[in-house]
Undergrad: 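Just dropping this structure here.
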Amino acid sequence: MTEKLPGDISITVIGLGAMGMPMAKRLADRGHAVVAVDPNPTARAKAETFGMSSRETMHDAPPSDVVLVTVATGPQLMSVVEAGSASRTVGEELWILCSTVGQSAAQDAARLLNDKGAKLVDAPMTGGVPGAERGELTFFVAGDSEEIDELTTVLGVLGTTRFVGGDVGGGQAMKMVNQLCCSVHLAVAAEAVALAVKLGLNPEIAVDVVTKGAGASWFLNERGPRMAQLDSVPDVSTRLAILAKDIGLVKESAVERGAHIPLLEAAEQQYARAAELGLLESDDSQLVRSYL
């Protein structure tokens, strides 16, 4: 690719959801020419107020230097890749896959793009909506080292890159390990708060005490205070549905490789209970209500 100054890179952002919108805004604020792609007209209108141009589908999007993908699922990924490669000239594009979709979907997308002359870097992210808004995401990056400079220029606006290997799918694999920890740690934090309530303790005091010692975890520290406020319902920071979706991907990957995952399987039952209670669109701290 032709060398460009940081503000000269044209970027297409696919998916203007809770994560994609603040990411696109940060890139536009940095001076990049951003085209926002989303079927939701309200999201597109909001993007335009932030100085972006917008398109309904990839069929309508112009070629760009970088395509940043923040869709939710593997089928959605393949849909935008097929649309983007069928109707546009993608030969010089670098696609950065920030979604958690599993190794197979990432590899299938990479093959399709490679056939068209484009490249895909596997870079699933973690950090939630607050991380997207503050530019404090972490990206697990796997892909061609020749594309690292331009990738770092873009992702550096959004957070920190952690390089995990040269093969597409490696980023997804690392995210599976990360999401196993996240899904189990959130469940343990919720279980602990619920136990405190059942034992007659003030849950806010219990969270404050436990987070000061060896029983602490990032999820208990960060989500615990919201879990303990049982008389109120917090605003949604990160939807519980995200971890509920990811825990299924982790289990699928683990089963394919013969991994032993008893803790994940136990946690999965609690996410299923949360789904039965209609909690998936709530803040993920509300997993605690599935225990009460």
Side-chain angles (χ1 to χ4, degrees), residues 15-22 38-43 46 70-77 79 99-102 124-133 175-176 178-204 206-207 217-255 261-292:
L16 300 176
M19 300 285 285
M21 183 67 81
D38 196 287
N40 186 326
T42 302
K46 184 177 180 180
T70 66
V71 298
T73 67
Q76 289 176 355
L77 168 65
S79 178
S99 308
T100 302
V101 295
M125 58 192 169
T126 187
V129 175
E133 293 173 342
K175 185 66 184 291
M176 293 299 100
N178 185 80
Q179 295 309 88
L180 182 149
C181 292
C182 289
S183 56
V184 171
H185 290 176
L186 179 66
V188 170
E191 193 167 302
V193 172
L195 177 62
V197 172
K198 296 296 186 181
L199 294 176
L201 295 170
N202 180 317
E204 295 185 54
V207 167
S217 68
W218 186 91
F219 271 94
L220 185 61
N221 291 357
E222 210 286 332
R223 305 299 204 264
R226 299 203 294 280
M227 292 179 178
Q229 295 173 2
L230 297 174
D231 294 332
S232 63
V233 178
D235 293 337
V236 178
S237 178
T238 301
R239 292 163 53 243
L240 183 57
I242 294 175
L243 272 179
K245 182 264 291 186
D246 288 352
I247 201 171
L249 284 173
V250 176
K251 182 177 181 180
E252 180 181 330
S253 298
V255 170
I261 49 167
L263 295 181
L264 182 82
E265 290 174 337
E268 183 185 33
Q269 296 176 22
Q270 209 58 36
Y271 286 86
R273 170 67 175 154
E276 292 172 359
L277 294 172
L279 295 170
L280 293 187
E281 296 305 312
S282 303
D283 185 73
D284 62 9
S285 64
Q286 299 309 287
L287 183 63
V288 68
R289 298 187 185 277
S290 69
Y291 284 92
L292 298 172

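Source: prediction; values computed, not measured. Any value given below was found using the heavy atoms of this structure, including those in side chains, with hydrogens, waters and symmetry copies removed.
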Undergrad: Step by step, would you call Val207 with Val193 a side-chain contact (heavy atoms from CB on, under 4.5 Å)?
TA: CA-CA 7 Å; Val207 167; Val193 172; 3.7 Å; yes
Undergrad: Taking the side chain as every heavy atom from C-beta outward, state whether Asp284 and Arg223 have any atom pair closer than 4.5 Å.
TA: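 Contact flag for Asp284/Arg223 side chains = yes.
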Undergrad: Of all heavy-atom pairs between Asp283 and Ser285, which one has the smallest distance, and what is that distance?
TA: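 Here Asp283 and Ser285 meet closest at OD2-OG, 2.6 Å.
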Undergrad: Could you tell me whether a side-chain N or O of Lys46 sits under 3.5 Å from a main-chain N or O of Met21, the two making a donor and an acceptor?
TA: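 Pair absent, no side-chain N/O of Lys46 close to backbone of Met21.
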Undergrad: Do Trp218 and His185 have side-chain heavy atoms sitting under 4.5 Å apart?
TA: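 Counting from C-beta outward, Trp218 and His185 never come under 4.5 Å.
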Undergrad: With rounding to the nearest 0.5 angstrom, report the OG1 to CG distance, Thr42 to Leu16.
TA: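 Nearest 0.5 Å value for the OG1-CG distance: 11.0 Å.
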Undergrad: Shortest non-hydrogen contact from Ala132 to Pro22?
TA: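 It is CB-CG, 3.8 Å.
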Undergrad: May I ask you to decide if Pro75's main-chain N or O and Ser79's side chain share a donor-acceptor pair within less than 3.5 Å?
TA: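 A pair under 3.5 Å: no.
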Undergrad: Please give me the minimum heavy-atom distance between Ala189 and Phe219, naming the atom from each residue.
TA: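 Between these two residues, the closest heavy atoms are CB-C, 4.3 Å.
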Undergrad: Report yes if some heavy atom in the side chain of Leu230 is under 4.5 Å from a heavy atom in the side chain of Leu292; otherwise report no.
TA: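 Leu230 reaches Leu292 side chain to side chain.
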Undergrad: How long is the gap from CD on Gln179 to NZ on Lys245, to the nearest 0.5 Å?
TA: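 The CD atom of Gln179 sits 8.0 Å away from the NZ atom of Lys245.
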Undergrad: Where do Met125 and Lys175 come nearest, in terms of heavy atoms and distance?
TA: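 Closest approach of Met125 to Lys175: O-NZ, 2.6 Å.
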Undergrad: Testing the basics here: between Ala72 and Val101, what is the closest heavy-atom pair and its distance to 0.1 Å?
TA: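 Taking every non-hydrogen atom into account, O-CG1, 4.5 Å.
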Undergrad: Please check: side-chain N/O of Lys251 versus main-chain N/O of Ile261, any donor-acceptor pairing under 3.5 Å?
TA: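 Pair absent, no side-chain N/O of Lys251 close to backbone of Ile261.
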Undergrad: Please report the interatomic distance CG(Leu201) to CG(Leu195), rounded to the nearest 0.5 Å.
TA: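 CG of Leu195 is found 8.0 Å from CG of Leu201.
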Undergrad: Between Leu264 and Ser183, which heavy-atom pair has the shortest distance, and what is it?
TA: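 Minimum heavy-atom separation between Leu264 and Ser183: CD1-OG, 3.5 Å.
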Undergrad: Once rounded to the nearest 0.5 Å, what's the spacing between atom CG of Asp246 and atom CE of Met176?
TA: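 Spacing of CG (Asp246) from CE (Met176) equals 6.0 Å.
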Undergrad: In this structure, which one of Leu287, Leu280, Leu279 forms a side-chain contact (heavy atoms from CB on, under 4.5 Å) with Tyr271?
TA: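 With Tyr271 as partner, Leu287, Leu280, Leu279 yield a single side-chain contact (heavy atoms from CB on, under 4.5 Å), made by Leu287.
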Undergrad: Without swapping roles, check the side chain of Ser290 against the backbone of Arg273 for a donor-acceptor pair under 3.5 Å.
TA: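 No: the side chain of Ser290 does not pair with the backbone of Arg273.
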Undergrad: Rounded to the nearest 0.5 Å, what's the gap from CD on Gln286 to CD on Glu281? Could you check?
TA: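 So the gap between those two atoms works out to 13.5 Å.
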Undergrad: Nearest 0.5 Å, please: how far is CD in Glu204 from CZ in Arg226?
TA: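 Those atoms lie 13.0 Å apart.
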Undergrad: Compare all side-chain heavy atoms of Leu240 with those of Leu186 and state whether any distance is below 4.5 angstrom.
TA: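 Side chain of Leu240 against side chain of Leu186, heavy atoms only: contact under 4.5 Å found.
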